[in-house]
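Each remark here refers to the structure printed beneath this line.
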Amino acid sequence: IFTKFDSSLQPVWSSYYGGASTDNLQNVSSDSKGNMYIVGYTYSSDFDTYNPGGGAYYRAPTANNSNITNNYIAKFSSDYQLAWATTYSENSTFIGVECGSNDNVYVYGTSPGTAFDTQSETGSYNDNSYNGGSADYVFLKFDSVGVRKWATFYGGTDNEGGGVTGRSGMNIFFNPC
């Protein structure tokens, strides 16, 4: 369950989102148009996804209600309708989401292996291979309609799984804006 509050801290809208098994919402962000983005992970094999077409990244859930998880990204429009929802990879965790001033959507998290789907972008840091340890950081960029522009691993041979934040932090500072 998540709730949107107005500037006077009054609830405007609440919704339940997920499937029949365990679903975890990790982070929420909004863009300049009032669209809301959420990221997290799910164990639900029936997790609600939506492909809007137009080249948006889309992957149906492969979670199995017990030991396989999927991370997910979902977009709700400013009038609270599900506009895009996809799972991304197995047994990875999306920790955060930030919307840049250009309404690009930046997602970050961790992945424990090679099943993570990468995409290079000219002029950006690109690492298409898992580097070892129990997890590497992953960073992704999507445009405002869900088209994936960039996805990369970031890490060394040890565990990169500590705190990650989009605006400030102690371990990694990731500021796409």
Co-membership, hydrophobic cluster, residues Y50 and V147, 4.5 Å side-chain = no
inquiry  = According to a hydrophobic-cluster definition based on side-chain heavy atoms being under 4.5 Å apart (Ile, Leu, Val, Met, Phe, Trp, Tyr only), do V39 and L82 belong together?
reply    = no
Distance-only polar pair, side chains of [X] and [Y], donor-acceptor under 3.5 Å:
X	Y	answer
D136	N131	yes
Y41	N24	yes
N70	T62	yes
D23	T42	yes
D103	S32	yes

ask   = Centres of the F153 and F116 rings: under 6.0 Å?
value = yes
For Y58, the option from N51, T49, T86 that meets side chain to side chain donor-acceptor pair (under 3.5 Å) = T49
Rounded distance (nearest 0.5 Å) linking atom [atom1] of [X] with atom [atom2] of [Y]:
X	Y	atom1	atom2	answer
T110	I95	OG1	CD1	5.0 Å
S89	N71	OG	CG	4.0 Å
D31	E98	CG	CD	12.0 Å
S15	M36	OG	CE	7.5 Å
S77	K33	OG	NZ	13.0 Å
K4	S78	NZ	OG	7.0 Å

Is it true that a side-chain atom of [X] and a backbone atom of [Y] form a donor plus acceptor pair closer than 3.5 Å?
X	Y	result
D46	A20	yes
K75	S144	yes
S44	S21	yes

Hey, are the side chains of [X] and [Y] touching, using non-hydrogen atoms and a 4.5 Å cut-off?
X	Y	result
L25	Y72	yes
Y108	V138	no
D143	K149	yes
S29	V97	yes
S120	N128	yes
T152	Y125	yes

task = Might you work through the side chain to side chain contact (heavy atoms under 4.5 Å, CB included) test for Y106 and K141, ending with a clear yes or no?
result = CA-CA 5 Å; Y106 299 87; K141 174 184 170 183; 3.8 Å; yes
message = Using every non-hydrogen atom in the two residues, find where A63 and S45 come nearest and quote the distance to one decimal.
response = O-CB, 3.1 Å
key: Where F47 and G19 come nearest, the two heavy atoms and their spacing   = CD1-N, 4.0 Å
task = Take V12 and F5 through the side chain to side chain contact (heavy atoms under 4.5 Å, CB included) test and state the conclusion after the steps.
result = CA-CA 5 Å; V12 177; F5 292 88; 5.8 Å; no
ask   = Going by the angle between their ring planes, with limits at 30° and 60°, are Y88 and F142 parallel, tilted or perpendicular?
value = perpendicular
task = Determine the interplanar angle of the F139 and W150 rings, folded into 0 to 90°, and report it as parallel if under 30°, tilted if 30 to 60°, perpendicular if over 60°.
result = parallel
ask   = Given the rule in the side chain to side chain contact (heavy atoms under 4.5 Å, CB included) test, do D127 and Y154 qualify, once you have shown the distances and angles that lead to the verdict?
value = CA-CA 7 Å; D127 183 351; Y154 186 83; over 6 Å; no
Check side-chain contact (heavy atoms from CB on, under 4.5 Å) between [X] and all other residues, then give those that pass, not counting sequence neighbours.
X	result
S14	T3
N91	I68, T69, P112
T22	Y43

ask   = Is the shortest distance from a Lys or Arg side-chain nitrogen in D117 or R148 to a carboxylate oxygen in the other one below 4.0 Å?
value = yes
task = Kindly determine whether Y57 and L140 satisfy side chain to side chain contact (heavy atoms under 4.5 Å, CB included), including the steps that lead there.
result = CA-CA 12 Å; Y57 184 91; L140 304 93; over 6 Å; no
note = Which of Y37, W84, W13 passes side chain to side chain contact (heavy atoms under 4.5 Å, CB included) with F76? Answer is W13
